[in-house]
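Please read the structure below before turning to the comments.
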Amino acid sequence: MSHPEQHRGRWRPRLDRPALVALLFGVAGVVYRLILTLFTVPVSNSDEATFGLAALHIAQGRERPIFLYGQHYMGVLESYLAAPLVAVFGPSWPVLRLPMLVLYAVFLYLIHRLTRRLCTPWFAAFVVGLLALGPERVVRDQLTVVGGRPEVKPAVLLMLLITVGLAVGTVHRRRLAIGLFGLLVGLSVWSDWLILPYLAVAGLALLWAVRRELLGWSGLLLVAGAVVGVAPMIVDNLRAGPGEDSLSVFREVSTKTGPQPPWSDRIRGGLLEGVPLAHGLCPVDGCGRWQQWFGVLYPVLLVAGAALAVLAYRRAAGPPGGERTARATPRAERVGPVVQLALIAGAALTLLSYVRSPLAATSPLDNARYLSVLQLSLPAVLWPLWVAALTAWRGTSSVLGRITGALSAAVLAALTVTTLVITVLFAATGTAASRTEERQARELAAALRADGPHEVYGDYWTCNRLIFNTDESVVCGVLDADLAPGQNRYRPYWRQVGRAERPGYVVEAGSPMDRRLRRLLADRGDATPVRDVGGYRVYHPDTPVRPWR
């Protein structure tokens, strides 16, 4: 907490010791991620490049996309945030990711503020310290521009802080704050639907805090703010054809045909792989058995956190007719437990939504990113452990309480040490592969930019990254492994390559696409110029090769 301190006629804030420790942790976390950003770690890919190309088009005034190219359900707020920097400095991965770094810093600040108001100063510093750490799975969700999660987490925290401020009475422009709450809801819905469970519980917390105010102008401002925030989605859906609206498209991509994995496999994938990965306890290639303990413990902590919040709510109610201070209203005293319950419920609903998907069982490593929003609930989940450990340390509990406290302290220590070890291992040895792959991609871009060909075909994971790396001086059309038209998110690129008189091919050396193309050219008897660049093979046939026509 900051305390005003008079110094030479001016008032300056002075941080207490927990706030200073939290600040040091936060600065360390931001600097660590800044270094990773400057070296483009984690490695870039074509999904991120699509957001980067959207930012480039926005900066040039060519496009005003609402959703990611080729989709109708994921907003491109991150592209709009990066567009001013791209306009000034040109397209590059560090420039594209800098707004994500700022959002991470805002996230740390807001979660510290909220945790400090709900719990204790030292616990808030501990939470910031944990979130400052970050192995690859965690920093990938925080730094890469792939939609949604970096911006919706600060939005939810700000909504909850607004709710606390309204209940306590520290927010003076109440209607404006409620309108801002609605705007954040709308922007979050447009940006990423994965945050819907947290938006629902945050809305319920607001309804509990100011339900009477919402019957008047405040309620109208809340609705107006939400409509303004989600307006881009509304406009796009009004223009969409049958089956192309956001809900229909999202339902289609979320529904997988075929046999459904049993619930036991989905729960195992969600808890034993997804939860530890999302909290930074495992390397990106999966969790060992000794790292899965937090997934087993997580439901227990959710129940304990909910029970502790309910107990705190009942204590805050006080005995009937009990005395209260003039400022300590019942609502002000109870808002902390209500927000803690909201965080617990948000985590439970998110986890339940995740394990309902077959991907939780069939591909837990690739899809653990959908649980990264669980970081929002970290204060409420770990608070029972902190309370038990602190009570035992003070010696105010029974023998059973002291044993429980010792075990709780051991869990917190194990959580910290495991996250620290995985972070150090990633920083020391896990960045080399990313830097090698990034160097090869840049070598390919430099070679094609200098010597051509400038219109090429390639696979999905090559094309848009190549276009972004060359600032659109090389244009790429996406093919699948069978050399048929693939996932071309931005159709003008495909059409431009289709009009080229002598398009080239860019494939990974030794890939199935490379072998199929080599056989096709051999059957034609075409003496095609071929050169190897940075792990890629560039073919430039004398006559166009378009087998799908």
Side-chain angles (χ1 to χ4, degrees), residues 40 43-54 56-57 68-71 91-93 146 433-549:
T40 316
V43 68
S44 62
N45 60 49
S46 278
D47 280 346
E48 186 175 18
T50 305
F51 279 92
L53 292 169
L56 178 62
H57 298 164
L68 183 65
Y69 292 140
Q71 292 184 353
S92 71
W93 300 110
V146 291
S434 294
R435 296 178 65 181
T436 299
E437 182 180 343
E438 202 64 42
R439 185 183 67 253
Q440 292 176 339
R442 292 177 182 177
E443 288 176 2
L444 174 67
L448 294 186
R449 193 170 191 170
D451 303 321
H454 293 100
E455 290 87 14
V456 298
Y457 292 105
D459 66 16
Y460 176 78
W461 296 110
T462 299
C463 271
N464 278 10
R465 181 162 67 164
L466 175 61
I467 299 170
F468 185 78
N469 277 334
T470 61
D471 193 7
E472 295 188 304
S473 63
V474 176
V475 177
C476 186
V478 178
L479 301 177
D480 60 21
D482 296 325
L483 302 183
Q487 187 181 14
N488 286 277
R489 290 188 178 276
Y490 190 62
R491 299 297 297 182
Y493 294 146
W494 174 260
R495 291 192 290 267
Q496 182 176 337
V497 179
R499 293 191 297 266
E501 295 182 359
R502 191 186 168 201
Y505 277 81
V506 177
V507 297
E508 289 188 29
S511 65
M513 191 174 179
D514 181 21
R515 294 191 294 269
R516 184 176 293 272
L517 181 61
R518 189 177 288 271
R519 288 196 301 267
L520 176 64
L521 294 174
D523 292 341
R524 287 166 47 103
D526 196 338
T528 300
V530 182
R531 72 183 192 271
D532 291 333
V533 181
Y536 294 88
R537 191 160 287 151
V538 181
Y539 295 84
H540 198 192
D542 293 331
T543 57
V545 179
R546 297 184 176 99
W548 58 92
R549 290 187 177 179

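Here the structure is a predicted model, which means the values were calculated and not measured. Computed over heavy atoms, backbone and side chain alike; hydrogens, waters and symmetry mates excluded.
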Carefully, step by step, assess Tyr490 and Thr50 under the rule side-chain contact (heavy atoms from CB on, under 4.5 Å). CA-CA 8 Å; Tyr490 190 62; Thr50 305; over 6 Å; no
Could you walk me through whether Asp471 and Leu56 satisfy the side-chain contact (heavy atoms from CB on, under 4.5 Å) test, starting with their C-alpha distance in whole Å, then the side-chain angles of each, then the deciding distance to 0.1 Å, before giving a yes or no? CA-CA 9 Å; Asp471 193 7; Leu56 178 62; 3.6 Å; yes
Hey, could you give me the [atom1]/[atom2] distance between [X] and [Y], rounded to the nearest 0.5 Å?
| X | Y | atom1 | atom2 | answer |
| --- | --- | --- | --- | --- |
| Ser44 | Asn464 | OG | CG | 11.5 Å |
| Glu438 | Asn45 | CD | CG | 9.5 Å |
| Gln71 | Arg489 | CD | CZ | 4.5 Å |
| Trp548 | Tyr457 | CH2 | OH | 4.0 Å |

Treating His540 as the side-chain partner and Pro503 as the backbone partner, does any N or O pair qualify as donor plus acceptor under 3.5 Å?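 Not confirmed, His540 side chain does not pair with Pro503 backbone.
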On a heavy-atom basis, which atom in Val533 and which in Glu443 lie closest, and how many Å separate them?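 Scanning both residues completely, I find the closest heavy atoms to be CG1-O, 3.6 Å.
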At their closest point, which heavy atom of Val146 faces which heavy atom of Phe51, and how far apart are they?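 Where Val146 meets Phe51 most closely, the heavy atoms are C-CE1, 3.4 Å.
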Heavy atoms, side chains only, cut-off 4.5 Å: are Arg465 and Glu48 in contact? no
When you compare the side chain of Val538 with that of Pro453, does any pair of heavy atoms fall below 4.5 Å?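 Of all side-chain heavy-atom pairs linking Val538 with Pro453, at least one is under 4.5 Å.
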Sequence neighbours excluded, which residues qualify as side chain to side chain donor-acceptor pair (under 3.5 Å) partners of Asp482? Arg516
What pairs with Asp47 under side chain to side chain donor-acceptor pair (under 3.5 Å), at least two apart in sequence or on another chain?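 Expected list: Tyr460.
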More than 12 heavy atoms of other residues, nucleotides or ligands under 6.0 Å from CZ of Arg435: yes or no? no
What verdict does the side-chain contact (heavy atoms from CB on, under 4.5 Å) test give for Val530 and Leu521, after you've listed the backbone C-alpha separation in whole Å, the side-chain angles of each residue and the deciding distance to 0.1 Å? CA-CA 11 Å; Val530 182; Leu521 294 174; 5.8 Å; no
Under the criterion side-chain contact (heavy atoms from CB on, under 4.5 Å), I'd like the reasoning laid out for Tyr493 against Glu472: C-alpha separation, chi angles, the key distance, then a yes or no. CA-CA 9 Å; Tyr493 294 146; Glu472 295 188 304; 2.5 Å; yes
Residues 505-515, side-chain donor-acceptor partners within the protein, below 3.5 Å, at least two apart:
{"residue": "Tyr505", "atom": "OH", "partner": "Val545", "partner atom": "O", "Å": "2.6"}
{"residue": "Ser511", "atom": "OG", "partner": "Glu508", "partner atom": "O", "Å": "2.8"}
{"residue": "Ser511", "atom": "OG", "partner": "Asp514", "partner atom": "N", "Å": "3.2"}
{"residue": "Asp514", "atom": "OD1", "partner": "Tyr539", "partner atom": "OH", "Å": "2.5"}
{"residue": "Asp514", "atom": "OD2", "partner": "Gly510", "partner atom": "N", "Å": "2.8"}
{"residue": "Asp514", "atom": "OD2", "partner": "Arg537", "partner atom": "NH1", "Å": "2.6"}
{"residue": "Arg515", "atom": "NH1", "partner": "Gly510", "partner atom": "O", "Å": "2.7"}

If we check side-chain contact (heavy atoms from CB on, under 4.5 Å) with Ser473, which of these qualifies: Thr470, Val475, Asn469? Thr470
Applying the side-chain contact (heavy atoms from CB on, under 4.5 Å) criterion to Trp494, which one of Cys476, Pro485, Cys463 satisfies it?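 Among Cys476, Pro485, Cys463, the one that satisfies the side-chain contact (heavy atoms from CB on, under 4.5 Å) with Trp494 is Pro485.
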